[in-house]
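Input: a single structure, listed below in C-alpha cells.
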There are 2 protein chains.
Amino acid sequence: MEKEISQAVIRRMPRYYRYLGELLDDGVERISSNDLSARMRVTASQIRQDLNNFGGFGQQGYGYNVKYLYDEIGNILGINQRHNMIVIGAGNLGQALANYVNFEKRGFVIIGLFDVNPALKGTCVRDIKVRMMDELEAFVKKQPVDIAALTMPKEHAKKIANILVDLGINAIWNFAHLDLELPEHVVVENVHLSESLMQLSYNFANYKKLTDKK
Amino acid sequence: MEKEISQAVIRRMPRYYRYLGELLDDGVERISSNDLSARMRVTASQIRQDLNNFGGFGQQGYGYNVKYLYDEIGNILGINQRHNMIVIGAGNLGQALANYVNFEKRGFVIIGLFDVNPALKGTCVRDIKVRMMDELEAFVKKQPVDIAALTMPKEHAKKIANILVDLGINAIWNFAHLDLELPEHVVVENVHLSESLMQLSYNFANYKKLTDKK
DNA sequence: GTAACAGTGTTAAATTTTTCACACATTGAC
DNA sequence: GTCAATGTGTGAAAAATTTAACACTGTTAC
C-alpha cells in the first residue's frame, strides 16, 4: 500500500478546496501553483508537494484546471458522498451545527439531534426533530449513521462516546473538553474551543509584549 | 529577545493545562514527565522540551509540582488575566459562546453581543444584552475590548473585521469561513468548523479504505 | 511549424520538530 | 550521612516537514 499521508497535509486540503471553490465561483478556469500560492500566502512548492501526494492533477505549461482540481480534492476528502450525521447535545452549539446548511450542501446531512433535556423533546431545529437519548439506539439501528458530533458537557461525553461506538459509529466529531479514549478503529476529530481561545490569548499577550519591549 | 516559540508548542500548552487542572482536582501534588506522558499519550521528552521553552519548572528526582506548573502555564497563556470579549453575531454559535461559563472562569469575559437582526435587539443571553451593530463603536469606546469573536456569515466578516481593527481591537477569534487579511499587528485565531469536518471525513474514508483492502 | 515561455512533478537541500540519551541534581530509604 | 533510585534539563540524533531548484513537458504567439 502507498505511504500514508501526514495529517499536516490533510489539514491543508480543505483550505485548498475552499480557495478553489471561490475561484470557481469567480469563473476562473485555470490557475498555477504560483498564483494560488500568492492568494493563499503559502509557498507554491508546498501546494505542488501537497497535491502530488494524491497524484498529478496539473499540466506543465498550463497549471491546474480549477474545476477538475476542485472535484478531485472533493473526492479525496470524501465530500459529496453522503454522510449521515447525528448531533448529541441540542444546546446552542448542537443547534448551530444543525442550522449550518453548508454542511448539507457538501453531503454531510444531519439526520438526528439528541438531548437529555425533556423540555426539548419534540422541538425542531430546521426540520430535525430533537429526540431523547433513550431513542438513540433504535434510531441508529434503523438507519446508517456515519458521524456523530458530541456537543454535550464533558461529564457525559465519555459514556456517550462509548455507547456510540458500541452502536457501530466509527467517526466522532468531539466538541467536549476531554480526550476520548476509544478503540483504534474509531476516528476522532477534536474541536476544543477553549484551547483555541488560549492559543489566541497567548499570541495576543505575546505580541503585546514584543511591541512593548521596542 | 529570546527566540520565538513555535505555534506547534503553543498549541500543546492548553492541553497540558487541562490535564494539570484535572490532576489538581484529583488532589495530585506532583507528577513526572513520564507519568504525564503516559496519561496524555505523548512522549515525556516532548513534555520536557515544551516546558523548557518557558523555563525549568521541574526538579530532578522530584518531577513537577502540579499546582505550580498549572499556575505557570496559566500565566504563560494569559489565563486569569481579565480579557474583555465581544461576540459579533448572536446566532446559535454566538449564543453558545456567550453561554459557555468556563471562559469566564478563566478570565475571558464576554461583555457584549452584537447582531444585525433587529428581532434580537434587547434580548439577553445570560446577562448579556444583544445590541445592534450601530451601537458597536460607542460600546467599544466606552470600555476596553481585547478580543472579538466573529460568528456571523462570511459575507459580512471581512468588513466587520476591518471595523473592529479600526476601533483598536487587536485579537480576533474568527469562526467565519474565510481568511481575514488584517494588519500584521492583529492576532487572528481561526476556527473553521467545516475544515475540521472535512479532515474527519478524510480520515474516516481513509481508515475504511485501509481496512477494506486487508 | 517553431521557438520562447510557463509551470508541473520531482529530487535534493534546508529547516523545523520530535525523540533519544545521559550528566547531574534531588529524593528517600536505611 | 550514605547510596541507590528518580527524573529533570539539555545537547545531539533522527525524523518529518517545508522550501528550493530544475529537468522536461506542454502551451502559445507568430
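In the text below, chain A, chain B and the rest are named by the order of the sequence lines, each starting its count at 1. Note: hydrogens, waters and symmetry copies are ignored here, and every other heavy atom, side chains too, is used.
Using a 4.5 Å heavy-atom threshold, the side chains of A:Leu97 and A:Trp173 count as touching. Residues B:Met13 and B:Leu51 form a side-chain contact, since some pair of their non-hydrogen atoms from C-beta on lies under 4.5 Å apart.
The phosphate of C:dT18 has OP1 or OP2 within less than 4.0 Å of a side-chain N or O from B:Arg12. For C:dT8, one of the phosphate oxygens OP1 or OP2 lies less than 4.0 angstrom from a side-chain nitrogen or oxygen of A:Ser33. Phosphate proximity of C:dC20 to B:Ser45: absent, as no side-chain N or O sits under 4.0 Å from OP1 or OP2. Using a 4.0 Å cut-off, no side-chain N or O of B:Thr43 falls inside it from OP1 or OP2 of C:dC20.
The number of heavy-atom neighbours closer than 6.0 Å to CD of A:Glu104, taken from other residues, nucleotides and ligands shown, is above 12.
A donor-acceptor contact closer than 3.5 angstrom links the side chains of A:Asn203 and B:Gln7. Using modelled atom types, one finds no donor on one side chain facing an acceptor on the other under 3.5 Å when comparing A:Lys159 with A:Asn162. For the residue pair A:Asn99 / B:Asn92, a side-chain donor-acceptor distance below 3.5 Å is found, with atom types taken as modelled.
Rounded to an integer number of Å, the gap from CG of B:Asn53 to P of C:dT16 is 14 Å. One interatomic measurement links the two molecules: CG of A:Asp50 to C1' of C:dG9, which rounds to 14 Å at whole-angstrom precision. Distance CZ (A:Phe54) to P (C:dG9): 14 Å, rounded to an integer number of Å. What separates CD of A:Gln46 from C1' of C:dG7 is a distance of 18 Å, to the nearest Å. Taking atom CG of A:Asn52 as the reference point, atom C1' of C:dT8 lies 8 Å away to the nearest angstrom. Rounded to whole angstrom, the span from the CZ atom of A:Arg30 across to the C1' atom of C:dT8 amounts to 12 Å.
Evaluation of atom-type donor-acceptor distances gives a pair under 3.5 Å for the side chain of B:Gln49 against the base of C:dT19.
Remark: A:Arg30 qualifies as a cation-pi partner of A:Tyr62 under the 6.0 Å distance and 45° angle criteria applied to the six-membered ring. Cation-pi geometry between B:Arg39 and B:Tyr19 is not met at under 6.0 angstrom from the ring centre and within 45 degrees of the axis.
Within residues 59-71 of chain A, the residues having any heavy atom closer than 4.0 Å to DNA chain D are, in order of number, A:Gln59, A:Gln60, A:Gly61, A:Tyr62.
First and last contacts of DNA chain D with chain B, using any nucleotide atom under 4.0 Å from a protein heavy atom and ordered 5' to 3', fall at D:dT6 to D:dA12.
Taking a cutoff of 4.0 Å between a charged side-chain nitrogen and a carboxylate oxygen, B:Lys67 and B:Glu29 do not qualify as a salt bridge.
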